[in-house]
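Not measured: the values here are computed from a predicted model. We name chains A, B, ... by the order of the sequence lines, and we start the count at 1 in each one.
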Amino acid sequence: MELADIISPDRVFEHVQGGSKKKVLETAAGLIARQLPELDPNELFDNLISREKLGSTGLGKGIAIPHCRAQHCTQAIGAFIKLEAPVDFDALDRQPVDMLFVLLVPKAAHEEHLNLLAKIATLFNDEHRRETLRHAPNTQAVYDALVTPL
Amino acid sequence: MTIDSTSQMIFGGAILALLCVLASVLSRRLGAPLLLVFLVLGMLAGENGLGGIKFSDFGLAFLFGNLALAIIIFDGGLGARKATFRVALNPAMVLATLGVLITAGIVGVAVRWILGLPWLESFLIGAIVGSTDAAAVFGLLRMAGFELKERTGATLEIESGTNDPMAIFLTITLVQLLAANNDSPGLSVLTEFVRQMGLGLAIGFAGGYLITRILRRIHLPASLYPLFALAGAMSVFGVTNLWGGSGFLAIYIVGVVVGNTSLPYGNDIHRFHDGLAWLSQIGMFLMLGLLVTPANLLPIIVPAIAIALILNFVARPMAVVVSLLPFHFPWREQLFISWCGLRGAVPIILALFPTLAGLEHSSTYFELVFFVVLISLVLQGWTIAPIAKWLDVELPPSLRDPEHLTIKIPDDQEKELLIYKAVAGSSVVNMHSRHLPLGEGAQLVGIVRHGVMIDNPAQATVQPEDHVLMLAIGGTTLAVGRLFSPSAPETRLEENVFFGNFVIRPDAGLQDLAQVYGFELPKHLHNLTVEQHIMREFHGKPVVGDHVEFGSIQFIVKDLDGNRITAIGLKM
């Protein structure tokens, strides 16, 4: 499964208001549910928060990959969010987060979903790609930077 | 001795030392063990080699050998960090005593069987090759840029620092029995053992305490502190031997005590002895190379190879497995420890004992042992790096504190000024100074860029080539230091590849994790946290790099505080 299979330009959100980690996740759940009405924003938010309780999904270098399982989700769904101002995400390197990739996967477990998560994390380990994403002038440019293969 | 011949000797010795230092470059390129290079250089300079130097003064060799060994062992003690005793002290102690006994016993039987020597003499040879060489193993691993898991690394380090006294004790006892023609050792051996080890421990601790006390109080020119430490340690070594204790054990303990005490000029003491230990290694192996007559080695090649093979493939693994039985080491680590039984200078020095005591077959001992050590250096020395990789006992090099300057603030020995350089590729580059994980009590002092202290460092972003100055409580070094480590040589050892990209809280429930990541969790683990599970798997003593697996998910210990896990990596 490639990134292009799970994300579309209309699930790239820019200039999202931050505030706090909790607020960001709530906003993210809302934005995704507006695109995909079969998903329940409250359930998404609860599940994302429960995952954060096991340990922050902040990778460091200003990136976080919140992820969880979701009901009525038939295939993996990705969304990318650029924040207006960075928020504290309890990341290991204590750097605030300004870009998030949210990954939702179906209830039924699948080896492929783990691979996908690892793939997304690897994507953001690349400093060049992080900077491209950060300075992308518009939504389409952000999307292009995301789906360019490694 | 004429002035001319003195000058000749100095010139000859200096040229040899120079060659040795230069040879270290070659050794790094070839991956050949450095000590082997020294030994071969010595043999080349010797009577059958190009140099044609005749040196056969066993008495002098013995004196220098003891001196050099004492310095090397002292330096080993200085480098032993108390924090590693948590996982390694007990296993290392068993290896250093029972392990040596088992090794010596099995090799003894092999010698009896292969060479047909009488029992006592066979065991004497076993005892002589019983101890491992710390410097050899660690020189090699450090040069290859390896960082070992703490359990493995520290066990090997402490073992090799402390097993020499046991081998020396066994050798001396057997030599005495042989010289006295006494076939029934009996109780006297046991009392002798207690006296050697007891006195070694007692005088070592007392001496170490005294030396650190004086070092803290006394005001000396800076360069004299290391000299004082050396002279003090050597006095302890001498007096312990005179009183019938184990001087090697005593000087190791002095090293441990001095090395683990915060002292003025502590770094100078370390650096001075590091250099001195190198010089001792070079000098000792050169001398031993000179001492042996290579032509005499030819007739014993076959039995020596047989004995070396039994030592490395039977005796050492048996000793390790039996000694580590109570400690439940993972099998990969046991295998690696078995293979790290490198023999070095100690056996060769011990092989001089029978000669000095005027025993029969003495020269056979020396040549046989020399050859066994040679084989061990070649066989194991050359393969340790690939074997460590194969057995997966390495850690990312970023876990090691990178090179930096430490300045102790005088009169307040708890505070240090640390100066780190931000090399390109390290994770500190581009980090806002506000986000430096300084830890409790630490402060950012300043950032020097192109030789100038920049204004308002608290608002700056760290750039490559910057020097970052921090004030910290002694011992907080590590937390900050990691950020300044250069990037890993191989992708496999990059931190986010090795530990995975995500970090899990130690108190996260396994059941919750299983739900998110969809792995099968055995029933009996349902109510455990990740930390509890890892604690059980590793018998309460986990180290960084230990991991547990569920399907394609791995949880890896990333950070510890004493016996408590503070961070766990999640790898997919």
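For the atom pair OG1 (B/T529) and CG (A/L54), the distance works out to 11.5 Å, reported to the nearest 0.5 Å.
Among all heavy-atom pairs drawn from B/Y517 and A/L114, the shortest one is CD2-CD2, 3.7 Å. Here the closest heavy-atom approach between residue A/L59 and residue B/F502 is recorded as CD2-CE2, 3.7 Å. Across all their heavy atoms, A/R69 and B/Q515 have their closest contact at NE-O, 2.9 Å. Of all heavy-atom pairs spanning B/V516 and A/H67, the tightest one is CG1-CD2, 4.4 Å.
At most 12 non-hydrogen atoms from other residues, nucleotides or ligands lie less than 6.0 angstrom from NE2 of A/H72. With a 6.0 Å radius and a threshold of 12 heavy atoms from other residues, nucleotides or ligands, B/E520 has its CD atom at or below the threshold. Residue B/D455 qualifies as open at atom CG: its count of foreign heavy atoms under 6.0 Å is 12 or below. For B/R536, the CZ atom is loosely surrounded, since the number of other residues' heavy atoms within 6.0 Å does not exceed 12. With a 6.0 Å radius and a threshold of 12 heavy atoms from other residues, nucleotides or ligands, B/N527 has its CG atom at or below the threshold.
Only the side chain of A/K61 comes within less than 4.5 Å of a heavy atom in chain B; its backbone stays farther off. A/T57 touches chain B through backbone and side chain together, each having a heavy atom under 4.5 Å away. Only the side chain of B/L570 comes within less than 4.5 Å of a heavy atom of chain A; its backbone N, CA, C and O stay farther away.
The closest donor-acceptor contact from the side chain of B/R505 to the backbone of A/G55 lies at 3.5 Å or more, if one exists at all.
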For this session: For the pair A/F124 and B/N501, evaluate side chain to side chain contact (heavy atoms under 4.5 Å, CB included) and give the outcome as yes or no after the intermediate values.
Result: CA-CA 10 Å; A/F124 289 108; B/N501 281 296; over 6 Å; no
